[in-house]
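Since the structure comes first, as structure tokens, the remarks are kept for the end.
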Amino acid sequence: MSVAPADPVVLSFEDARRVVEEQAAQVKAPGTELVDLLAGAGRVLAEPILADRDIPPFPRSTRDGYAVRSSDLASVPATLEIVGEIKAGEKPDKLPPAIGPGQAAAIMTGAPVPAGADAVVMIEHSSPHGQQVEVTRSVAVGGNMVPRGAEARQGSVLVDRGQRLNDAAIALAASVGKSQLEVYKRPRIAVLTTGDEIVDVGADPGPTQIRNSNSYSLAVQIRDAGGEPVLLPIAPDEPQALRRLIEEGLKSDLLLMTGGVSMGRYDLVEQVLSEMGAEFFFTGAKIQPGRPVVFGKCRAESPPFEHRQGWGSQAKYFFGLPGNPVSTMVTFELFARPMLEALAGQAPRKLAFLHARLKSEIRVKTGLKRFLPAILSGEFEHSEVELVRWQGSGDIAATARANCYVVVPPDRDRIAAGEWVAVLPR
Ligand code: AMP
Ligand code: MG
């Protein structure tokens with residue numbers, strides 16, 4: 001599947017994405033570390049979280065009411081004898097004996113349903129008179145209670161390794177008594193911005209110079225995807241200096257470059273990488289923004305010619321992302337993120353899209369799959385979306401106003417107002 005950069009390989013979006021996913025599937029899991037429960041939020045789990053006992057550990061009432069034998073309520077109203085009261089957390093020796101025919105025990109939400117009872121009737125359907133209660137509704141076996149172990153059996157996997165820890169996963173970890181969690185170490189992701197016109201944030205830009213913004217948008221996206229950004233100095237459009245910085249970047253787990261991958265005379269990234277013996281999986285994707293995106297693998301030092309066939313473990317993946325700021329952001333999301341997530345130990349997942357009605361017509365040329373900055377608004381069943389006005393893929397200001405990208409399939413030159421479109425949140 002590898003090609004010399006002299007043969008451009010421009011893939012459809014779907015094929016390019018598949019190539020990245022195939023490579024990502026071959027990445028081996030990173031090292032692990034132990035962190036405190038809350039520090040685990042947002043990290044990728046490196047050990048399965050197991051149920052330390054049955055969940056729930058006892059048949060749990062889900063209502064305030066009366067624990068009953070459902071057969072006693074075959075015809076209602078029925079009057080039962082109250083034999084006790086069970087509150088949540090009641091000590092086992094305080095629990096009433098097994099419920100017999102014609103008997104009931106008052107019970108609270110979260111309390112254990114006593115032996116003999118097979119359901120709970122809600123307090124709303126009962127009226128107590130002294131030691132007796134009149135029940136006005138029947139209840140099915142198992143009604144208003146969760147049997148012991150119904151949510152999980154002791155020893156079963158609650159959250160598997162490779163999952164990113166969200167609120168529910170942290171809650172589960174807490175519920176099984178894990179005060180520390182083993183998580184994968186964050187991969188180091190090198191960011192190399194290229195271009196003679198680019199100066200850093202602190203500098204006073206000359207009239208034709210541009211401040212580096214891509215390194216910063218990428219750093220944010222890298223952190224969000226679970227990586228540790230390593231910002232390298234800005235590379236000039238000059239092969240020797242560029243090569244030295246690429247070699248530096250290849251010491252990290254993944255190298256992201258921005259700029260220098262288009263067709264211009266000073267777009268040197270592919271040239272330098274091919275001189276270094278890089279393997280290229282694709283050199284473009286039929287998308288907009290982001291068409292010149294490059295994906296490949298390279299060693300820091302080029303191996304002797306005769307060893308170029310089998311790549312050893314030293315070879316690192318790289319992406320050459322187009323320099324236009326919106327292209328950089330979009331191509332990171334579409335292609336670099338799945339590779340980064342794999343390097344972070346995360347289980348693979350597919351891109352997820354929302355759907356909304358288009359507020360006003362879109363007209364474009366066919367041939368490219370487009371991811372156009374847009375504003376998603378409305379709520380419930382009235383989601384609607386509208387493109388932001390933009391000056392093309394250099395327009396960060398327009399993109400900052402956007403909260404999503406509208407996806408336009410490559411075979412559509414017109415999408416009418418009111419049509420449903422796929423939306424990639426941002
Ligand atoms: P290139 O991909 O190198 O042809 O760059 C495409 C456009 O993106 C040019 O207008 C560059 O000035 C701009 N650009 C490249 N790198 C950056 C960066 N790091 N920050 C902001 N703009 C950039
Ligand atoms: Mg450039």
Side-chain angles (χ1 to χ4, degrees), residues 5 8-10 16 189-223 227 229-246 248-249 252 254-275 278 280 282-296 318-336 368 370-373 390-402 405 426:
V9 178
V10 179
I189 314 297
V191 176
L192 177 55
T193 226
T194 73
D196 282 341
E197 77 282 27
I198 310 298
V199 297
D200 223 332
V201 193
D204 217 359
T208 56
Q209 291 182 317
I210 299 291
R211 287 201 189 89
N212 175 18
S213 62
N214 288 345
S215 294
Y216 299 96
S217 57
L218 282 173
V220 173
Q221 290 175 296
I222 288 166
R223 283 211 182 118
V230 179
L231 304 195
L232 297 173
I234 296 164
D237 292 322
E238 187 278 307
Q240 268 87 45
L242 182 57
R243 179 171 179 150
R244 271 195 302 279
L245 285 165
I246 288 176
E248 186 62 31
S252 290
L254 173 68
L255 169 60
L256 302 182
M257 291 162 282
T258 88
V261 290
S262 306
M263 296 297 285
R265 186 182 297 172
Y266 300 100
D267 289 323
L268 301 173
V269 166
E270 278 172 70
Q271 180 200 314
V272 168
L273 279 161
S274 57
E275 282 165 17
F280 289 85
F282 56 80
T283 60
K286 291 179 192 154
I287 57 169
Q288 194 249 340
R291 193 174 195 282
V293 59
V294 174
F295 174 45
F318 64 81
F319 286 89
L321 308 179
N324 263 317
V326 188
S327 310
T328 307
M329 291 180 222
V330 169
T331 50
F332 177 92
E333 285 305 316
L334 299 180
F335 303 116
L368 300 176
R370 293 171 199 264
F371 298 85
L372 304 177
W390 73 329
Q391 302 299 321
S393 50
D395 192 343
I396 319 177
T399 306
R401 289 194 297 276
Y405 301 103
R426 56 163 273 115

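Whatever order the structure lists ligands and atoms in, that order sets their numbers, starting from 1.
For the pair Asn324 (side chain) and Ser327 (backbone), a donor-acceptor distance under 3.5 Å is absent. With hydrogens and angles disregarded, no donor-acceptor distance shorter than 3.5 Å links the side chain of Thr258 to the backbone of Gly323. Between the Thr328 side chain and the Pro322 main chain, a donor and an acceptor come within less than 3.5 Å of each other.
Summarising the geometry, atom OG1 belonging to Thr193 is positioned 5.0 Å from atom CG belonging to Asn214; distances are rounded to the nearest 0.5 Å. The CG atom of Asn212 sits 5.0 Å away from atom CG of Asp200, with the distance rounded to the nearest 0.5 Å.
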Could you walk me through whether Val294 and Leu273 pass the side-chain contact (heavy atoms from CB on, under 4.5 Å) test, one step at a time?
CA-CA 11 Å; Val294 174; Leu273 279 161; 5.6 Å; no
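Below 4.0 Å from some heavy atom of Gly259 lie the following atoms of ligand 1, by number and element: 1 (P), 2 (O), 3 (O). Residue Arg211 has at least one heavy-atom neighbour below 4.0 Å for each of these atoms of ligand 1: 20 (N), 21 (C).
When only non-hydrogen protein atoms are considered, atom 17 (C) of ligand 1 lies nearest to Asn214 ND2, 3.2 Å. Annotation: atom 19 (N) of ligand 1 to nearest protein heavy atom, Thr193 OG1, 2.7 Å. For atom 9 (C) of ligand 1, the closest non-hydrogen atom of the protein is Glu197 OE2, 4.0 Å. The single protein non-hydrogen atom nearest to atom 6 (C) of ligand 1 is Asn324 N, 3.6 Å, given as residue, atom name and distance.
Residue contacts with ligand 1 leave out Gly394, since none of its heavy atoms falls under 4.0 Å from the ligand. At least one heavy atom of Ser213 sits less than 4.0 Å from an atom of ligand 1. Residue contacts with ligand 1 include Gly260, since one or more of its heavy atoms lies under 4.0 Å from the ligand.
Between Asn212 and ligand 1, a contact under 3.5 Å exists for at least one N or O pair.
Residue-level proximity to ligand 1 for Asp267 is carried by the side chain, the only part with a heavy atom below 4.0 angstrom.
Selection from Ser393, Ser262, Gly323 by nearest heavy atom to atom 15 (C) of ligand 1 gives Gly323.
Between Phe318 and Phe280, the ring centre distance stays below 6.0 Å.
For Arg291, the CZ atom sits in a loose shell: 12 or fewer heavy atoms of surrounding residues, nucleotides or ligands are nearer than 6.0 Å.
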